[in-house]
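Inspection log for the structure reproduced underneath, given as structure tokens.
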Amino acid sequence: DMSIDDEGKLERTQFYDAVMNSKARLTYNQVHEMLTDDRSEHRETFKNVLPNVEDLNDLYQLLKTARAERGALDFDTVETRIVFDEQRKIKEIVPVVRNEAHKLIEECMLMANVATARYLKWHKAPILYRVHEKPSEERLKNLRTFLGDFGLSLGGGDEPDARDYATVIKAVEGQPHEHLVSMVMLRSMNQAVYQPDNLGHFGLNCDYYAHFTSPIRRYPDLLIHRAIRF
């Protein structure tokens, strides 16, 4: 359980064993339609859970605003899905569009990961943090040279933060070179790693971050769950 204030800031967290009783089986597309189309048939089909979905969407809007004010990065990269034919051969590779329902879940997962890392940090539990260090001096130099060709500049001097990156990303929105600039900026950063020393997460502009939400498919998350239990 997480208590979040009206500004989208985490106040307190509580962990406990529980059994989840699912009231509906919703897909991302159904939820997206429920939230963006007042005439969607899904609003009537799932009217018993619609108030909960709308409350969750209100929370998502708060968290999204708070993350933007914090200066966290949001590289909207394109994921792909492989479609197979009847002979199990690859038929085509198609882009996967992230709609508002996907982003809603992602934002809640980010907050859960932050809450978990903060909770275990306070309890001085030995865990693996998800650490994303600042870009190296050489990478920053190369990035600034590249951006200069487009008349862009990266602020922050020798210690730019996520806000400085976000400013450049905002400046190229809707431009023909938006994707190119975004990819080069993404590659200028260090790769996030798991390690016991907490050095924060540059991209999310968070002091604490850990992977918690996928213990059945990602082993570091399972380690986090074990740390909470013991």
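FYI, the numbering just counts along the sequence from 1. Not measured: the values here are computed from a predicted model.
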Inset, instruction - Over all heavy atoms of both residues, which pair between Asn190 and His132 is shortest? Give the atoms and the distance, please. - result: O-NE2, 2.8 Å
Inset, instruction - State whether the side chain of Asn113 and the backbone N or O of Phe212 hold a donor-acceptor pair below 3.5 Å, judged by distance alone. - result: yes
Legend entry - Tyr194 ring center within less than 6.0 Å of His211 ring center: yes
Legend entry - Polar side-chain atom of Gln61 near backbone of Asp58 as donor-acceptor pair, under 3.5 Å: no
Inset, instruction - For Glu11, look at atom CD and say whether over 12 heavy atoms of other residues, nucleotides or ligands are found less than 6.0 Å away. - result: yes
Inset, instruction - Go through the steps to decide whether Ser214 and Leu222 satisfy the test side-chain contact (heavy atoms from CB on, under 4.5 Å), and finish with yes or no. - result: CA-CA 8 Å; Ser214 303; Leu222 181 58; over 6 Å; no
Legend entry - Check: Met189 main-chain N/O paired with Arg139 side-chain donor or acceptor under 3.5 Å: yes
Inset, instruction - State plainly whether the residues Glu106 and Arg98 are in salt-bridge range, i.e. N to O under 4.0 Å. - result: yes
Inset, instruction - Report, as yes or no, whether the 6.0 Å neighbourhood of atom CZ on Arg187 holds more than 12 heavy atoms from other residues, nucleotides or ligands. - result: no
Legend entry - Any side-chain heavy-atom pair of Phe84 and Lys91 under 4.5 Å: no
Inset, instruction - Might you confirm whether atom CD of Gln191 has over 12 heavy atoms from other residues, nucleotides or ligands at distances under 6.0 Å? - result: no
Inset, instruction - Following the transitive rule for hydrophobic clusters with a side-chain heavy-atom cut-off under 4.5 Å over Ile, Leu, Val, Met, Phe, Trp and Tyr, establish whether Met2 and Tyr208 coincide in one cluster. - result: no
Inset, instruction - Kindly give the heavy-atom pair with the smallest separation between Ile90 and Ile93, and that separation in Å. - result: CG2-CG1, 4.4 Å
Inset, instruction - Kindly determine whether Glu44 and Lys47 satisfy salt bridge (charged side-chain N to carboxylate O under 4.0 Å, His left out), including the steps that lead there. - result: CA-CA 5 Å; Glu44 176 63 27; Lys47 61 183 179 181; 3.3 Å; yes
Legend entry - Arg130 (side chain) donor-acceptor with His201 (main chain) under 3.5 angstrom: no
Legend entry - Enclosure of Asp158 CG (heavy-atom neighbours >12, cutoff 6.0 Å): no
Legend entry - Heavy-atom check, side chain of Leu154 versus side chain of Leu140, under 4.5 Å: yes
Inset, instruction - State plainly whether one hydrophobic cluster holds both Leu59 and Met34, where clusters connect Ile, Leu, Val, Met, Phe, Trp and Tyr through side-chain heavy atoms under 4.5 angstrom apart. - result: yes
Inset, instruction - Not counting sequence neighbours, list each pair that qualifies as a salt bridge (charged side-chain N to carboxylate O under 4.0 Å, His left out) and has a residue in residues 207-230. - result: Asp17-Arg229, Arg218-Asp221
Inset, instruction - State yes or no: do Met185 and Leu204 share one hydrophobic cluster built from I, L, V, M, F, W and Y residues joined by side-chain heavy-atom distances below 4.5 Å, directly or via other members? - result: no
Inset, instruction - Assert yes or no for the condition that the ring centre distance of Tyr165 to Phe202 is strictly below 6.0 Å. - result: yes
Legend entry - Beyond-backbone contact of Ile228 with Thr116, side-chain heavy atoms, under 4.5 angstrom: yes
Inset, instruction - Using atom types as modelled and distance alone, determine if a side-chain donor or acceptor of Glu178 lies under 3.5 Å from a backbone N or O of Gly174. - result: yes
Inset, instruction - Using distance alone, with no hydrogens and no angle criterion, decide if His102 and Asn99 have a side-chain donor and acceptor under 3.5 Å apart. - result: yes
Legend entry - Approximate separation, where rounding is to 0.5 Å, of Thr213 OG1 and Ile216 CD1: 10.5 Å
Legend entry - Leu10 and Met111: CA distance, side-chain angles, deciding distance, side-chain contact (heavy atoms from CB on, under 4.5 Å) verdict: CA-CA 8 Å; Leu10 179 67; Met111 180 57 79; 3.9 Å; yes
Legend entry - Under 3.5 Å donor-acceptor, Thr145 side chain and Lys141 backbone: yes
Inset, instruction - Taking the side chain as every heavy atom from C-beta outward, state whether Arg67 and Leu110 have any atom pair closer than 4.5 Å. - result: yes
Legend entry - Min side-chain heavy-atom separation Ile169-Leu73 under 4.5 Å: yes
Legend entry - Flag, side chain of His177 to backbone of Leu180, donor-acceptor distance under 3.5 Å: no
Inset, instruction - Determine yes or no for a side-chain-to-main-chain donor-acceptor pair under 3.5 angstrom, with Gln195 supplying the side chain and Asp197 the backbone. - result: yes
Legend entry - Side-chain heavy atoms of Val94 within contact of Thr80, under 4.5 Å: no
Inset, instruction - Search all heavy atoms of Ala162 against all heavy atoms of Gly71 and return the closest pair with its distance. - result: CB-O, 3.0 Å
Inset, instruction - Could you pull out the closest heavy-atom pair between His32 and Ala101, with the gap in Å? - result: N-CB, 3.9 Å
Legend entry - Stepwise side-chain contact (heavy atoms from CB on, under 4.5 Å) test for Ile4 and Leu63: CA-CA 9 Å; Ile4 300 170; Leu63 296 178; 4.1 Å; yes
Inset, instruction - Before giving the answer on side-chain contact (heavy atoms from CB on, under 4.5 Å), spell out for Cys206 and Arg70 the whole-Å C-alpha distance, their side-chain angles and the decisive distance to 0.1 Å. - result: CA-CA 9 Å; Cys206 291; Arg70 193 173 71 243; 3.8 Å; yes
Inset, instruction - Check for a donor-acceptor pair, side chain of Arg43 on one end and backbone N or O of Leu50 on the other, with a separation under 3.5 Å. - result: no
Legend entry - Side chain to side chain, Tyr129 and Tyr209, heavy atoms closer than 4.5 Å: no
Legend entry - Distance in Å, Tyr119 OH paired with Arg12 CZ, rounded so as to fall on 0.5 Å steps: 14.5 Å
Inset, instruction - May I ask you to test the Ile224-Leu128 pair for a side-chain heavy-atom distance under 4.5 Å? - result: no
Legend entry - Same apolar cluster: Met109 and Val53, side chain cutoff 4.5 Å: yes
Inset, instruction - Inspect the surroundings of CD in Glu173 and state if more than 12 heavy atoms from other residues, nucleotides or ligands are less than 6.0 Å away. - result: yes
Legend entry - Path from Leu152 to Leu186 over hydrophobic side-chain contacts below 4.5 Å: yes
Inset, instruction - Could you walk me through whether Tyr28 and Glu100 pass side chain to side chain donor-acceptor pair (under 3.5 Å), step by step? - result: CA-CA 8 Å; Tyr28 285 108; Glu100 286 301 289; over 6 Å; no
Inset, instruction - Would you confirm whether Asp161, through its side chain, and Asp164, through its main-chain N or O, come within 3.5 Å as a donor-acceptor pair? - result: yes
